[in-house]
Amino acid sequence: MNKTSYTNLAKAWEFAEDVAFSQQDSILVEARKDAEQAGFPQGSATQARFLKLLVQLTGSSSIIVAGTGAVVESCELVSGLNGSGLLTEVDSSLQGSKLIKKIFNALDEVTDTTLRAVNAPAEIFLPRLNADDYDLIVVNGDIGNYEASLKEAPRLLKPQGLLIFTDMFGFSADNSNGGMLNPVDRSERTVRLRELLDSINHNESLDQTLLPIGTGLLIITLNQR
């Protein structure tokens with residue numbers, strides 16, 4: 001690919017984001033604003049819309065979000081559940097958990113989906129959940145969420161369930177120097193993301209695809225048990 005092609009890809013990403021932002025309803029716009037004012041930067045609008053579509057395509061009814069103040073993604077996932085099912089948000093940050101609970105209280109007025117927000121580290125809470133009970137696990141925030149979710153996913157997911165890692169390019173850390181796209185970026189998050197991706201690639205019980213949606217979306221499936 002030449003320089004013009006890369007420029008066009010960047011413009012295409014921006015165009016897709018603009019389209020996704022235009023589709024957000026007033027609740028989601030306000031939720032994003034509240035989250036960012038509280039110090040929780042939100043992820044790509046395109047990524048969140050894709051997650052909503054994935055819920056609908058897979059017919060998912062039970063979802064875990066292991067993250068930190070993941071307001072926009074959670075709102076879109078709730079929308080994808082279309083008034084049914086269960087969404088469990090696991091947030092190790094007290095402030096992030098309070099923010100999620102505030103958003104869930106507002107969503108309770110417009111949806112019949114059961115919303116559960118838990119303030120606990122993923123590595124502590126996920127082992128307490130019932131096995132073979134979840135269709136999707138969506139992960140963001142602290143890198144520990146990724147490692148704990150990868151460990152617990154084979155037990156928690158139903159057959160055909162999906163484990164989804166967001167920000168796999170590693171752009172979200174404050175000290176990121178290009179993340180996975182920069183070979184010399186040795187920030188802790190980037191190093192651990194590289195190790196995580198390498199371990200997944202070499203795990204014969206997993207299939208995965210890395211997509212350039214948002215800031216990198218890794219979709220992982222378990223080989224038939």
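- Between the OG atom in Ser199 and the CD atom in Glu147 there is a gap of 9.0 Å [rounded to 0.5 Å].
- When all heavy atoms of Val90 and Ala120 are compared, the pair lying nearest together is CG1-O, 3.4 Å.
- Put simply, the residue from Leu211, Leu210, Thr215 that forms a side chain to side chain contact (heavy atoms under 4.5 Å, CB included) with Ile213 is Leu211.
- Within a 6.0 Å radius of CG in Asp18, more than 12 heavy atoms belonging to other residues, nucleotides or ligands are found.
- For the pair Arg189 (side chain) and Asp142 (backbone), a donor-acceptor distance under 3.5 Å is absent.
- Between Phe15 and Lys11 the shortest side-chain heavy-atom distance does not fall below 4.5 Å.
- A donor-acceptor pair under 3.5 Å is formed between the side chain of Glu17 and the backbone N or O of Ala45.
- The CZ atom of Arg116 sits 9.5 Å away from atom CG of Leu87, with the distance rounded to the nearest 0.5 Å.
- Looking at heavy atoms from C-beta onward, Asn203 lies out of side-chain contact with Leu150 at the 4.5 angstrom threshold.
- Using modelled atom types, one side-chain atom of Arg155 and one backbone atom of Pro127 make a donor-acceptor pair closer than 3.5 Å.
- Hydrophobic clustering of Ile, Leu, Val, Met, Phe, Trp and Tyr side chains at less than 4.5 Å, counting indirect connections, unites Val139 with Leu197.
- Two different hydrophobic clusters hold Ile164 and Met180 under the rule that ILVMFWY side chains link at heavy-atom gaps under 4.5 Å.
- Between the side chains of Glu36 and Gln42, no donor-acceptor pair of N or O atoms lies under 3.5 Å.
- With sequence neighbours excluded, the residues satisfying ring-ring contact (aromatic ring centres under 6.0 Å, His included) with Phe165 are Tyr146.
- The shortest side-chain heavy-atom distance between Val19 and Gln23 falls under the 4.5 Å cut-off.
- Residues Ile100 and Leu107 are members of one and the same hydrophobic cluster, defined by side-chain heavy-atom contacts under 4.5 angstrom among Ile, Leu, Val, Met, Phe, Trp and Tyr.
- In this structure, Thr113 contributes its side chain and Ser84 its backbone to a donor-acceptor pair below 3.5 Å.
- Atom CG of Leu163 sits about 7.0 Å away from atom CD1 of Ile200, to the nearest 0.5 Å.
- The shortest distance between side-chain heavy atoms of Glu152 and Ile137 does not fall below 4.5 Å.
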Assess the residue pair Leu77 and Leu81 against the criterion (side-chain contact (heavy atoms from CB on, under 4.5 Å)); give the C-alpha distance rounded to whole Å, side-chain angles, the decisive distance to 0.1 Å, and a yes or no.
CA-CA 6 Å; Leu77 289 166; Leu81 286 167; 5.7 Å; no

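- Residue Asp34 holds its CG atom at 4.5 Å from NZ of Lys102, rounded to the nearest 0.5 Å.
- Between Phe171 and Leu181 there is a side-chain heavy-atom pair separated by less than 4.5 Å.
- The backbone N or O of Leu217 lies less than 3.5 Å from no partner atom in the side chain of Gln47, so there is not a single donor-acceptor pair.
- Residues Ala48 and Glu76 come closest through the heavy atom pair O-CB, 3.4 Å.
- Taking CG of Leu136 as the reference point, atom CG of Leu54 lies at 6.0 Å (rounded to 0.5 Å).
- Ile220 approaches Gln208 most closely through the heavy-atom pair CG1-CB, 4.1 Å.
- Under a hydrophobic clustering in which Ile, Leu, Val, Met, Phe, Trp and Tyr are joined whenever their side-chain heavy atoms come within less than 4.5 Å, directly or via other members, Ile63 and Tyr134 fall into different clusters.
- Here the shortest heavy-atom pairing between Asp185 and Arg194 reads O-NH1, 2.8 Å.
- Cluster annotation: Ile103 is connected to Phe40 through the hydrophobic network of ILVMFWY side chains, with a link wherever side-chain heavy atoms come within less than 4.5 Å.
- Salt bridge absent: Arg192 and Glu195 never bring a charged side-chain N and a carboxylate O closer than 4.0 Å.
- At least one donor-acceptor pair under 3.5 Å links the side chain of Asn105 to the backbone N or O of Lys101.
- The stretch residues 52-70 participates, sequence neighbours left out, in these side-chain hydrogen bond (donor to acceptor under 3.5 Å, both in side chains) pairs: Lys52-Ser79, Thr58-Ser60, Ser61-Asp135.
- Between the side chain of Asn145 and the main chain of Asn140, a donor-acceptor pair closer than 3.5 Å is present.
- A donor-acceptor pair is defined here as one N or O able to donate and one able to accept, closer than 3.5 Å; such a pair exists between the side chain of Asn119 and the backbone of Asp91.
- Distance alone, capped at 3.5 Å, places no donor-acceptor pair between the Asp207 side chain and the Thr221 backbone.
- Minimum heavy-atom separation, Arg32 to Ser44: NH2-C, 4.3 Å.
- Between Ile219 and Phe50, the closest side-chain pair of non-hydrogen atoms falls below 4.5 Å.
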